[in-house]
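Indexing begins at 1, ligand by ligand and atom by atom, following the structure's order. The structure presented is a predicted model; accordingly, all values stated were derived computationally and were not measured.
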Amino acid sequence: MANAKQYCEELFQRVTERNAHEPEFHQAVKEVLESLVPVLEKRPEYISLGIMERIVEPERQIIFRVPWVDDTGKVRVNRGFRIQFNSAIGPYKGGIRFHPSVNVGILKFLGFEQTFKNSLTGLPIGGGKGGSDFDPKGKSDGEVMRFCQSFMTELYRHIGQDIDVPAGDIGVGGREVGYMFGQFKRIKNAYEAGVLTGKGLTFGGSLVRTQATGYGLVYFLDEMLKDKGMAIAGKTVLVSGSGNVSIYATEKVQQMGGKVVAVSDSNGYVYDAEGIKLDTVKRIKEIERGRISEYVKAHPKAEYHEGCSGIWTIKCDIALPCATQNEIDENSAKILVKNGCQAVAEGANMPTTLEGTKVFLDSGVLFGPAKAANAGGVATSALEMSQNSMRLSWTFEEVDAKLKNIMINIFKNSSKAAEDYGLKGNLVAGANMAGFLKVAEAMKAQGLV
Ligand code: NDP
Ligand code: 2IT
């Protein structure tokens, strides 16, 4: 093939035309295609076999109506989605997001990223993502349950432990997974435990799954730092968000001797110079489902500021974006670099814009991209599926050791791929290449499907 770079540029152009009004999907595809040019120069058969055209096109996209009744008796209608992106290496696997911003473009970017991330884990899971524009904020437990039941009443026909295995993401945690599992079991009249992951520990859930994304992120960060003779102990850390990923990233940083001085939510951020008291954050977010502004009531010396991007103006050694996509733009990246930030590891999916990523890479900041750094969550989901198939449960220590090992391997494989293609130290390119190669080989072997 004459020119891999030109091929990728033309393919990207077609992707933007065929998927108009989906800027997040374009962003995710652009980064991957740019990274893969050196691979395609060496392996032109991936172009001639149509692997590239197929890898940017979801295998199946499902969109459905979700009607439910709120506590006042009013009928509400939301939209449900499942994007079954790629099943070359295993059943579709990926979370469900409930957030008012959810649309097909957001879920396509997430499903696309998930395909490469899941490949990087080394486990047999394909890529998928789903969700709804339902907003769980301010809803009663009864409303959330009725919504989840209605959502599953449509979704159940598309999923299964060997077909597609959803889990949590923004707005979907143990409560929602429990309600969805209950409805699935009732409709199917079968106990198919492996159809969803992130389940409660009393009905097939795995130890460590709750902590896995945050813990895995910090294990990855630790590898990245150790490779340069650095350590987490003694470092000042910013962790955006205050949900599942943020809370358990904070917990692991603290266990390893780092000092987390700020967390946030979509309204604002809290700065606690003495170090964030995680018990307070857990009470506010996991139990009361409240706002992070309430933190200062318990700790009056801490400061609360409106506006979530302000967190990146605080001086730090390490930044862990764990809230949502595009939360660090070029300007925030420049401020972080100017203030001496040495490492960034992405807990959220695509939290840094392409321009922001360039700032970090050009400045020599150690940068762990989401696909690699946050893969611990889905990896532990795959371990949950294994335990469900075996009808066994491993101990906390066993699962945690497997998670750590997986994160070390993801770091090694991403670093090696970058080095193999002359881009030593560029984990963005390395993760994209290593994740892609396994999927591409499987697609090649399976023929034109
Ligand atoms: P949660 O719903 O538990 O927490 C999300 C946090 O991010 C909340 O603090 C929320 O604030 C904040 N947030 C959400 N949307 C926005 C927004 N548009 N602007 C600013 N802040 C926002 O979700 P998770 O912790 O599970 O997910 C966080 C990120 O990690 C997502 O990008 C997700 O895709 C990714 N991820 C999650 C995994 C998992 O296992 N859960 C695995 C891998 C990645 P508020 O409460 O105000 O909305
Ligand atoms: O983005 C992600 O990797 C997740 N939300 C977790 C997916 C999963 O299937 O555990």
Side-chain angles (χ1 to χ4, degrees), residues 24 90-102 106-107 109-118 120-121 123 125-131 135-138 159 164-177 194-199 205-206 208-217 239-250 263-270 281-282 284-286 289-293 307-311 320-328 346-352 370-385:
E24 293 86 1
Y92 309 107
K93 178 84 196 88
I96 300 252
R97 177 178 291 191
F98 291 165
H99 193 273
S101 64
V102 163
I106 299 245
L107 295 179
F109 116 65
L110 288 163
F112 180 72
E113 295 276 293
Q114 197 82 44
T115 301
F116 303 98
K117 180 198 306 194
N118 292 4
L120 282 172
T121 66
L123 300 168
I125 40 179
K129 202 84 188 192
D135 185 359
K137 272 201 201 86
I159 63 175
D164 183 354
V165 182
D169 194 79
I170 291 176
V172 177
R175 174 180 63 168
E176 293 74 19
V177 169
V195 69
L196 286 164
T197 60
K199 297 181 295 296
S206 174
V208 192
R209 177 61 189 91
T210 302
Q211 297 86 350
T213 311
Y215 279 20
L217 174 71
V239 185
S240 66
S242 47
N244 173 267
V245 180
S246 172
I247 285 174
Y248 292 96
T250 300
V263 293
S264 63
D265 64 17
S266 58
N267 292 109
Y269 68 94
V270 162
V281 178
K282 285 186 179 176
I284 295 170
K285 290 291 174 180
E286 294 187 331
R289 297 180 187 274
R291 308 308 303 157
I292 203 64
S293 56
C308 39
S309 65
I311 189 171
L320 303 178
C322 295
T324 193
Q325 62 273 359
N326 292 328
E327 53 172 313
I328 300 186
E346 297 185 320
N349 284 307
M350 207 169 76
T352 314
K371 291 183 190 77
N374 76 29
V378 74
T380 308
S381 279
L383 300 178
E384 182 172 330
M385 291 163 70

- Option from Ile96, Ile170, Leu107 for which side chain to side chain contact (heavy atoms under 4.5 Å, CB included) with Val102 holds: Leu107
- Message: Checking side chain to side chain donor-acceptor pair (under 3.5 Å) between Thr197 and each of Arg209, Glu384, Lys93, which is the one that passes?
- Response: Lys93
Filter the ligand 1-protein atom pairs down to N or O on both sides and distance under 3.5 Å, then list them.
from, atom 1, to, atom 2, distance (Å)
ligand 1, 2 (O), Gly171, N, 2.9
ligand 1, 3 (O), Asn244, N, 2.9
ligand 1, 9 (O), Ser242, N, 2.9
ligand 1, 9 (O), Ser242, OG, 3.4
ligand 1, 11 (O), Ser266, N, 3.3
ligand 1, 25 (O), Asn244, N, 3.1
ligand 1, 25 (O), Val245, N, 2.9
ligand 1, 32 (O), Asn349, N, 3.1
ligand 1, 34 (O), Arg97, NH2, 2.9
ligand 1, 34 (O), Asp169, OD1, 2.7
ligand 1, 34 (O), Asp169, OD2, 3.1
ligand 1, 34 (O), Asn349, ND2, 2.8
ligand 1, 40 (O), Arg209, NH1, 3.4
ligand 1, 40 (O), Arg209, NH2, 2.9
ligand 1, 40 (O), Thr213, OG1, 2.8
ligand 1, 47 (O), Ser266, N, 2.9
ligand 1, 47 (O), Ser266, OG, 2.5
ligand 1, 47 (O), Arg291, NH1, 3.4
ligand 1, 47 (O), Arg291, NH2, 2.5
ligand 1, 48 (O), Lys137, NZ, 2.9

- Item | Chi angles and distances behind the side chain to side chain contact (heavy atoms under 4.5 Å, CB included) call for His99, Ser266 | CA-CA 12 Å; His99 193 273; Ser266 58; 6.0 Å; no
- Task: Calculate, to the nearest 0.5 Å, the distance between atoms CD1 and OG belonging to Ile328 and Ser240 respectively.
- Result: 6.5 Å
- Query: Which heavy atom in Ala375 sits nearest to a heavy atom in Lys117, and how many Å separate them?
  - Reply: CB-CG, 3.6 Å
- Message: If I compare all heavy atoms of Gly290 with all of Lys285, which pair ends up nearest, and what's the gap?
- Response: O-NZ, 2.9 Å
- Query: Does the side chain of Leu123 reach to within under 4.5 Å of the side chain of Asn118, using non-hydrogen atoms?
  - Reply: no
Starting from the N and O atoms of ligand 2, collect every protein N/O partner closer than 3.5 Å and put each pair on its own line with the distance to 0.1 Å.
from, atom 1, to, atom 2, distance (Å)
ligand 2, 1 (O), Gln114, OE1, 3.4
ligand 2, 1 (O), Lys117, NZ, 3.0
ligand 2, 1 (O), Lys129, NZ, 2.9
ligand 2, 1 (O), Asn349, ND2, 3.0
ligand 2, 3 (O), Gln114, NE2, 3.0
ligand 2, 3 (O), Lys117, NZ, 2.7
ligand 2, 5 (N), Lys129, NZ, 3.3
ligand 2, 5 (N), Gly168, O, 3.1
ligand 2, 5 (N), Asp169, OD1, 2.9
ligand 2, 9 (O), Lys93, NZ, 2.6
ligand 2, 10 (O), Arg209, NH2, 3.0
ligand 2, 10 (O), Ser381, OG, 2.5

- Distance-minimising heavy-atom pair for Ile292 and Val270: O-CG2, 3.5 Å
- Query: Does any non-hydrogen side-chain atom of Val165 lie less than 4.5 Å from one of Ile159?
  - Reply: no
